[in-house]
Amino acid sequence: MEGFVAIVAIFIALPWIIFHYITKWKTAATITTDDEALLEELYQLARRLDERMDTVERLVAADNPDFRPARILPDLDADNQKLRDLERMLAEKGLKK
């Protein structure tokens with residue numbers, strides 16, 4: 001009887017436990033559509049805030065000649081490169097509308 005329990009444990013219970021946790025691991029590693037929508041919303045917000053920051057710095061610099069913006073030059077290519085890279089990746093993935 002002990003041999004039967006050992007065989008059942010090795011050939012049924014152990015693989016079932018392993019496959020159960022492999023399935024849990026695979027489903028937990030994926031990003032959901034809600035997460036993708038949230039990331040897209042945050043990306044759009046970051047773009048708008050970047051544009052607003054450029055506008056505010058430009059307006060303050062026009063009013064105050066001693067003002068030194070946080071970014072040396074507004075709308076510098078290097079400043080916006082990460083946003084362009086993200087736009088390119090979204091376009092490749094087909095998420096950008």
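Ile17 and Trp25 are members of different hydrophobic clusters when ILVMFWY side chains are connected at heavy-atom separations under 4.5 Å. When hydrophobic clusters are built by joining Ile, Leu, Val, Met, Phe, Trp and Tyr residues whose side-chain heavy atoms come closer than 4.5 Å, directly or via intermediates, Val56 is grouped together with Phe67. Hydrophobic cluster membership differs between Trp16 and Ile10, with clusters built from Ile, Leu, Val, Met, Phe, Trp and Tyr side chains linked at under 4.5 angstrom. At a threshold of 4.5 Å between side-chain heavy atoms, the hydrophobic network of Ile, Leu, Val, Met, Phe, Trp and Tyr places Ile12 and Ile18 in two separate groups.
Between Leu49 atom CG and Leu42 atom CG the span is 10.5 Å, to the nearest 0.5 Å. Between Asp54 atom CG and Asp50 atom CG the span is 5.0 Å, to the nearest 0.5 Å. To the nearest 0.5 angstrom, Asp34 atom CG is 9.5 Å from Glu36 atom CD. The OH atom of Tyr43 sits 12.0 Å away from atom CZ of Arg48, with the distance rounded to the nearest 0.5 Å.
Here the side chains of Arg58 and Thr55 are in contact, with some heavy-atom distance below 4.5 Å. Contact annotation: the side chain of Thr32 approaches that of Asp35 to within less than 4.5 Å [non-hydrogen atoms, C-beta and beyond].
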### Query
Can Ile22 and Lys26 be said to form a side chain to side chain contact (heavy atoms under 4.5 Å, CB included), step by step?
CA-CA 6 Å; Ile22 287 174; Lys26 285 184 178 181; 4.1 Å; yes
